[in-house]
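Below is one structure, written out as structure tokens; comments come after it.
The structure displayed is predicted, hence computed values, not measured ones.
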Amino acid sequence: MITKPDQHQLSQVKNLHEELHYHNHRYYVLDDPEIPDSEYDKLLRELQALETQFPELLTSDSPSQRVGAPPLSEFTQVTHLVPMLSLGNAFNETEVLAFEKRLLDRLTNINPDNTITELEYAVEPKLDGLAVSLLYENGILIQGATRGDGETGENITENVRTINSIPLKLSGDNIPQTLEVRGEVYMPKASFEALNNKAREQGEKTFVNPRNAAAGSMRQLDSRITASRNLAMYCYATGRMVGADVPAKHSDALQQLASWGFRICPDSKVVTGAKGCLEYFEEIGSKRDDLSYDIDGVVFKVNSLELQHQLGFVSRAPRWAIAHKFPAQEEMTLLKDVEFQVGRTGALTPVARLEPVFVGGVTVTNATLHNMDEIERKDVRVGDTVIVRRAGDVIPEVARIVPAKRPDNTQKIVMPSQCPVCNSAVEQIDGEAVSRCTGGLVCPAQQKQAIKHFASRKALDIDGLGDKLVEQLFDEKLIENISDLYRLKVEDLIKLERMGEKSAENLIKSLELSKKPTLARFIYSLGIREVGETTAKSLSNHYLSLEAIKEADEENLQEVNDVGPIVASHVVSFFQEDHNNQIIDALFSTGIDPVLPIVVDAKELPLSGNTYVITGTLNKMGRSDAKAQLEALGAKVSGSISKNTTALIAGEKAGSKLTKAESLGVEVLDEEALLKLIKITASDA
Ligand code: D41
């Protein structure tokens with residue numbers, strides 16, 4: 001029997017759309033989720049159930065439409081309403097200064113009375129991804145396209161829909177009838193690493209860099225594959241826009257895009273003059289490794305849209321914008337030899353010894369070849385000319401070889417049958433890509449790596465105890481294991497080469513300071529196989545003491561979040577090893593005392609259970625300050641008003657939210673009242 005949805009079901013679908021759009025935006029665009037993932041999934045399943053029951057309710061902007069569609073046989077071509085321009089490049093300071101001079105000269109040519117001597121620029125990181133154009137009609141996403149030749153590109157609508165930070169439907173005020181939005185689709189560095197690690201584990205082909213991974217993911221005819229890749233988008237321009245106010249500045253246009261629900265790059269800003277641009281280039285350059293996304297430079301854009309218009313463009317590139325590129329991160333060099341390095345868990349990693357080459361600002365002499373499968377796949381041999389790639393602070397890698405440059409006398413790379421450090425047998429377990437030294441605790445290489453790991457930043461973070469110093473201390477037989485570190489004395493240290501008294505004292509101080517790590521850090525620092533930072537945290541939160549973890553059996557361990565049979569068995573075997581327990585006891589006897597972070601129960605804070613919405617201009621504190629203070633007192637701060645809102649905090653020039661609050665009978669507080677609220681409740685807490 002065919003049934004039609006009743007009034008209640010219709011409004012249920014409408015509400016679920018609104019709620020899911022709202023929470024999707026909080027999570028993927030604002031990076032500030034309000035509800036746990038499980039709650040989001042529950043809402044999504046509710047919607048999917050209704051859509052299954054009443055297929056006529058399924059619309060293209062439904063939040064359920066992000067999982068991918070059946071594969072296409074080919075991509076169709078689409079024509080951009082406004083062409084996508086290209087960008088000129090500058091590679092050094094001189095070229096940036098010349099860019100600004102061209103602009104000022106041209107403005108004077110256009111208008112001899114021109115008095116502008118200094119220009120304002122909107123400056124942005126230049127993301128290394130795939131340029132795309134999105135088309136919205138009446139606020140609904142109807143098309144996504146690649147840049148192509150700038151005039152026409154490929155229709156990748158189904159793929160674009162799977163990207164969570166792209167709104168399927170616009171929110172906010174003054175939504176244009178027609179809107180083309182341009183931006184860069186990219187794969188965050190962490191997602192790229194995870195994707196490649198998985199591919200490596202499964203013996204599949206890896207991507208050379210995040211750019212290729214993003215482009216490859218968008219070129220899938222099967223959008224379900226795209227949906228499985230963690231892609232994101234930052235928007236940086238509009239194409240055609242009909243039916244909305246055109247702002248005066250590029251920086252305002254970005255804010256306008258953000259108000260409609262698009263994600264814009266938080267590292268963009270406004271600067272003055274070529275000097276400001278060059279300072280920004282330096283600033284972003286020094287942050288480059290810490291950014292969550294890959295960039296190949298920065299972009300400078302004249303901020304005034306009126307001036308942009310006057311300046312115009314030449315052969316599809318705007319005169320008013322330029323990309324200032326970083327030096328290349330891929331270079332060609334000679335592979336002289338391959339050695340095998342033994343890691344903390346005994347894994348033997350092939351390391352390329354290279355003819356020194358300058359890549360992305362540093363000289364590289366060693367690069368990883370990952371494992372034998374990768375060597376096979378890339379067909380690397382000693383004597384080959386190779387492309388070395390360095391991305392951020394990760395270890396440089398041999399990305400590929402240059403087949404045309406292969407000489408006759410190359411040598412095949414073979415895994416040694418004995419550990420190069422301790423001579424123990426090397427074994428390869430079936431189905432695993434890695435080979436391991438079986439020497440375990442007697443292998444000096446593994447012992448050293450364990451100490452380096454213990455001291456590293458995410459473990460006990462011992463300042464001044466870098467890899468080189470660990471090597472030195474170990475080779476001089478001052479330490480054999482991690483507990484020996486805490487028996488070191490200034491007198492021992494100053495005997496070392498290149499160690500002054502001051503550094504020695506500082507190291508002893510940092511060791512002393514490292515004695516109260518959180519339990520999670522301590523567990524991580526032990527270097528149990530397969531126990532990374534996240535798992536260490538889960539173990540710490542679940543068991544609350546090292547004793548309890550030691551006592552847990554494999555079955556019990558698997559009750560912990562993201563602990564499976566493999567991790568559980570590694571944890572159990574670690575604590576079955578007498579040697580490990582002796583070292584832990586020795587650590588405790590030197591005064592190491594892992595602590596549990598103090599957990600304040602959110603339910604016990606004075607404003608718990610209250611939800612506020614902030615609107616308008618607050619003069620005494622910014623909106624983000626107000627939000628932070630309310631949240632610190634246990635309140636939720638939401639972006640939209642409902643009958644469940646405790647109160648609206650309305651600053652000056654409050655708009656539609658104030659009207660809505662009044663119509664719903666929600667209490668309204670001004671800034672004075674907010675300050676009082678914070679003051680009173682804070683003194684209670
Ligand atoms: O991040 C980028 N890759 C980026 C690319 C950016 N931040 N801004 C850009 N702005 C433009 C203009 C000035 C033409 C609107 C661009 C690009 N274009 C661009 N990307 C690929 C070709 C051109």
Side-chain angles (χ1 to χ4, degrees), residues 27 31 33 36-37 187-201 210 230 287 289-293 343-347 349 368 370 391-395 434 446 448-463 465-467 470 481-482 485 510-511 513-550 552 554 556-575 580 583-584 587 592-599:
Y27 190 95
D31 197 14
D37 294 359
M187 185 177 286
K189 286 181 197 166
S191 310
F192 167 75
E193 291 299 331
L195 181 67
N196 266 2
N197 283 341
K198 204 167 137 210
R200 239 171 249 134
E201 264 165 34
N230 188 16
K287 293 211 283 203
D289 292 351
D290 300 326
L291 297 174
S292 64
Y293 47 84
R344 180 163 54 82
T345 61
T349 307
T368 180
H370 298 292
D393 52 2
V394 300
I395 304 163
V434 293
Q446 295 187 46
K448 281 184 193 173
Q449 296 298 337
I451 304 172
K452 290 179 193 171
H453 172 78
F454 182 79
S456 67
R457 199 167 48 85
K458 290 175 178 174
L460 260 59
D461 194 15
I462 304 171
D463 250 3
L465 186 58
D467 289 0
V470 172
N481 65 52
I482 49 182
L485 287 169
S510 340
L511 280 161
L513 285 173
S514 73
K515 283 185 171 174
K516 276 192 176 299
T518 60
L519 179 59
R521 268 183 189 265
F522 184 73
I523 295 165
Y524 173 73
S525 76
L526 295 174
I528 305 169
R529 262 178 75 183
E530 303 288 333
V531 176
E533 254 183 305
T534 317
T535 310
K537 263 188 206 143
S538 306
L539 289 168
S540 157
N541 290 340
H542 188 93
Y543 290 105
L544 306 171
S545 78
L546 193 72
E547 273 318 301
I549 299 173
K550 270 187 176 179
E554 294 192 23
N556 187 278
L557 281 160
Q558 289 180 57
E559 285 169 21
V560 180
N561 253 353
D562 57 52
V563 173
I566 296 179
V567 177
S569 82
H570 285 312
V571 175
V572 169
S573 24
F574 182 90
F575 290 112
N580 290 334
I583 291 180
I584 292 172
L587 280 172
I592 294 263
D593 184 15
V595 292
L596 283 169
I598 303 159
V599 191

Legend entry - Set of residues satisfying side chain to side chain donor-acceptor pair (under 3.5 Å) with respect to D463, sequence neighbours excluded: none

Legend entry - Exam field: side chain K189 to backbone L291, donor-acceptor pair closer than 3.5 Å: yes

Inset, instruction - Check the pair V560 / V567 against side chain to side chain contact (heavy atoms under 4.5 Å, CB included), numbers first and verdict last. - result: CA-CA 11 Å; V560 180; V567 177; over 6 Å; no

Inset, instruction - Could you tell me the separation between the CG atom of N481 and the CD1 atom of I584, rounded to the nearest 0.5 Å? - result: 11.0 Å

Inset, instruction - State the OH-OG distance between Y293 and S191, to the nearest 0.5 angstrom. - result: 14.5 Å

Legend entry - Atom NZ of K537 with >12 non-hydrogen neighbours under 6.0 angstrom: no

Inset, instruction - Locate the shortest heavy-atom distance separating K448 from V470; write the atom from each residue and the value. - result: O-CG1, 3.9 Å

Legend entry - K515 NZ: over 12 foreign heavy atoms closer than 6.0 Å: yes

Inset, instruction - Return yes when atom CG of N197 has more than 12 non-hydrogen atoms of other residues, nucleotides or ligands closer than 6.0 Å, and no otherwise. - result: yes

Inset, instruction - Would you check if P565 and Q558 make a side-chain contact, meaning some heavy-atom pair closer than 4.5 Å? - result: yes

Inset, instruction - Show your reasoning for whether side chain to side chain contact (heavy atoms under 4.5 Å, CB included) applies to V531 and F574. - result: CA-CA 11 Å; V531 176; F574 182 90; over 6 Å; no

Legend entry - Spacing of D37 atom CG and Y27 atom OH [to the nearest 0.5 Å]: 5.0 Å

Inset, instruction - Mark yes or no for whether R521, through its side chain, and A459, through its backbone, hold a donor-acceptor pair below 3.5 Å. - result: yes

Inset, instruction - Kindly indicate, with the supporting measurements, whether the criterion side chain to side chain contact (heavy atoms under 4.5 Å, CB included) is fulfilled by F454 and I462. - result: CA-CA 8 Å; F454 182 79; I462 304 171; 4.1 Å; yes

Legend entry - Nearest non-hydrogen partners of P188 and N230, listed with the distance: CD-O, 3.2 Å

Legend entry - Heavy-atom check, side chain of L485 versus side chain of L465, under 4.5 Å: yes

Legend entry - Candidates L546, T518, I549, L596 - the one meeting side chain to side chain contact (heavy atoms under 4.5 Å, CB included) with S540: L596

Inset, instruction - Please round to the nearest 0.5 Å and tell me the distance separating atom OH of Y543 and atom NZ of K550. - result: 14.5 Å

Legend entry - Shortest non-hydrogen separation from H453 to Y524 and the atoms involved: NE2-O, 2.8 Å

Inset, instruction - Mark yes or no for whether S573, through its side chain, and S569, through its backbone, hold a donor-acceptor pair below 3.5 Å. - result: yes

Legend entry - From CZ (F575) to CD (E547), nearest 0.5 Å: 9.0 Å

Inset, instruction - Using atom types as modelled and distance alone, determine if a side-chain donor or acceptor of H542 lies under 3.5 Å from a backbone N or O of L557. - result: no

Legend entry - Flag, side chain of R344 to backbone of G527, donor-acceptor distance under 3.5 Å: yes

Inset, instruction - Drop me the distance from H370's NE2 to I395's CD1, to the nearest 0.5 angstrom. - result: 8.5 Å

